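For reference, the structure discussed in these notes is given below.
This is a predicted model, so every value here is computed, not measured. Every chain is numbered from 1, with letters handed out A, B, ... down the list of sequences.
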2 protein chains.
Amino acid sequence: MLSKASQYAIKSLLFISANQQVGVRFSVKDVAIAIDSPPAFTSKILQQLVAAKIITSVKGSGGGFEISTSKIVSTKVISIIKAIEGDHFSSGCFLGLPDCSEKNPCPVHKLYAPLREKLNQGLYNVTLDDLINNKGKQPFNLKG
Amino acid sequence: MLSKASQYAIKSLLFISANQQVGVRFSVKDVAIAIDSPPAFTSKILQQLVAAKIITSVKGSGGGFEISTSKIVSTKVISIIKAIEGDHFSSGCFLGLPDCSEKNPCPVHKLYAPLREKLNQGLYNVTLDDLINNKGKQPFNLKG
DNA sequence: AGTTAATTGGACAAAATTGTCCGATTTGAT
DNA sequence: ATCAAATCGGACAATTTTGTCCAATTAACT
Ligand code: FES
Ligand code: FES
């Protein structure tokens with residue numbers, strides 16, 4: 001499964017994106033309450049997202065985190081995950097073998113690789129914007 | 001991803017199953033060398049597989065682990081995983097929310113749930129026997 | 001009977017992940 | 001200028017996962 005860190009990252013971005021308006025910023029506390037996460041840990045993750053240039057931050061009173069409309073539209077879910085846990089997400093062998101490939105497949109490769117590939121494509125093709133405007137039907141859930 | 005413990009469990013069983021003959025037993029050391037895993041940790045995992053009644057063990061000189069032909073045929077990969085890490089594997093939300101369902105979906109549910117379901121079905125429909133007789137083509141890899 | 005080879009079970013250790021705390025810095029408002 | 005509110009960075013702590021060690025037990029062989 002996804003690491004907690006990545007989960008918090010995605011949830012944070014969904015909250016910030018879904019509520020972004022011009023001139024509005026969200027503090028760590030705002031985000032942590034909205035997504036029901038430990039504040040100090042969430043702070044670290046927001047810092048990583050700033051470093052990855054997905055969001056921007058403003059220090060000092062009245063400061064906080066924002067995301068631009070263009071980032072909402074362009075940021076793919078897969079990019080968020082990779083920003084947090086590096087590149088090894090998309091390509092790892094189900095059994096942990098060092099190089100997963102058709103040439104040197106493990107016994108479950110045939111079963112696993114196509115599904116992993118579909119998940120990767122899905123995460124690559126879905127942006128924050130897609131998720132927050134999810135055909136409007138059901139209001140989504142970030143807390144549980 | 002899968003836990004190391006589950007990975008070692010699957011690899012151990014594949015090795016034992018693929019090499020099983022009447023009267024042959026494999027020691028912890030045999031298995032650990034074959035699948036390139038830490039012996040003491042592998043020992044714990046083999047104990048869990050004995051507790052789950054997937055393999056049997058014989059203590060003392062000449063002892064070791066065996067698997068019956070019927071277990072090779074009947075043991076599904078999903079059962080191995082659940083024997084090691086419990087039931088929460090098949091149903092967890094991608095974002096870690098406590099109950100994943102159509103009724104109360106998180107933003108990525110629509111994308112993730114069907115793929116998770118396909119993986120579950122795949123792991124449910126594949127047995128040890130299927131994996132070790134993988135249409136014979138490529139000899140598979142358990143070490144890396 | 002004694003020795004050897006093996007699993008079993010328990011306690012322990014190391015590493016990775018998750019989470020906390022606090023001082024330094026920056027910014028806005030009084 | 002001072003104060004309050006906020007991020008930033010670093011060190012630290014707790015928890016989970018991974019991994020080790022060893023004594024106890026069991027079984028085969030001589
Ligand atoms: S080699 Fe194991 S999934 Fe590809
Ligand atoms: S609710 Fe998140 S994957 Fe189903």
Side-chain atoms of residues 43-59 of chain A: list all donor-acceptor pairs with protein atoms under 3.5 Å, sequence neighbours left out, distances to 0.1 Å.
none

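Residue S57(B) has a polar side-chain atom (N or O) positioned under 4.0 Å from OP1 or OP2 of dT8(C). The side chain of Y8(A) places no N or O atom within less than 4.0 Å of a non-bridging phosphate oxygen (OP1 or OP2) of dT18(C).
Contact check for K11(A) versus T42(A): no side-chain heavy atoms found under the 4.5 Å cut-off. When side chains are defined from C-beta on, Y112(B) does not count as touching L123(A), because their heavy atoms never get closer than 4.5 Å. Side-chain contact between I84(B) and I10(B) is absent, with no heavy atoms from C-beta onward closer than 4.5 Å.
The nearest whole Å value for the distance from the NZ atom in K59(A) to the P atom in dG28(C) is 13 Å. Following rounding to the nearest Å, K29(B) (NZ) and dT4(C) (C1') show an atom-to-atom distance of 13 Å. At whole-Å resolution of the value, CZ in F41(B) and C1' in dA16(C) are 13 Å apart. In this entry the distance linking CG of D30(B) with C1' of dA5(C) reads 12 Å, nearest Å. The distance between atom CD1 of I45(B) and atom P of dG9(C), rounded to the nearest whole Å, is 15 Å.
The residue among A40(B) and V28(A) whose nearest nucleotide of DNA chain D is located toward the 5' end is V28(A). Mapping V58(B) and P38(A) onto DNA chain C via the closest heavy atom, the residue that lands nearer the 5' end is V58(B). Nearest-nucleotide mapping onto DNA chain D: of S43(A) and S6(B), the residue sitting toward the 5' end is S43(A).
For residues 16-29 of chain A, the pairs satisfying side chain to side chain donor-acceptor pair (under 3.5 Å) are R25(A)-E66(A), S27(A)-D30(A), with sequence neighbours left out.
K82(A) and S90(A) are linked by a side-chain donor-acceptor pair at a separation below 3.5 angstrom, with hydrogens and angles left out of the test.
Dense packing is recorded around NZ of K76(B), with more than 12 heavy atoms of other residues, nucleotides or ligands lying under 6.0 Å away.
For the salt bridge (Lys or Arg N to Asp or Glu O under 4.0 Å) test, no residue two or more places apart in sequence or in another chain qualifies with R116(B).
A side-chain hydrogen bond (donor to acceptor under 3.5 Å, both in side chains) with T127(B) holds for exactly one of D129(B), D130(B), N125(B); it is D130(B).
For the contact set between residues 60-68 of chain B and DNA chain D, defined by any heavy atom under 4.0 Å, the members are G60(B), S61(B).
Where DNA chain D meets chain B (any atom under 4.0 Å from a heavy atom), the bounding nucleotides read 5' to 3' are dT18(D) to dA28(D).
Aromatic ring orientation, Y8(B) versus F41(B): perpendicular (interplanar angle above 60°, classes split at 30° and 60°).
Cluster membership check: Y124(A) shares its hydrophobic cluster with L13(A), using side-chain heavy-atom separations under 4.5 Å among Ile, Leu, Val, Met, Phe, Trp and Tyr.
Ranking dG19(C), dG9(C), dT7(C) by closeness to the Q47(B) side chain, first place goes to dG9(C).
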key: Sugar-phosphate or base contact per nucleotide [nucleotides 10-15 of chain C; S, B, -; heavy atom under 4.0 Å]   = BB----
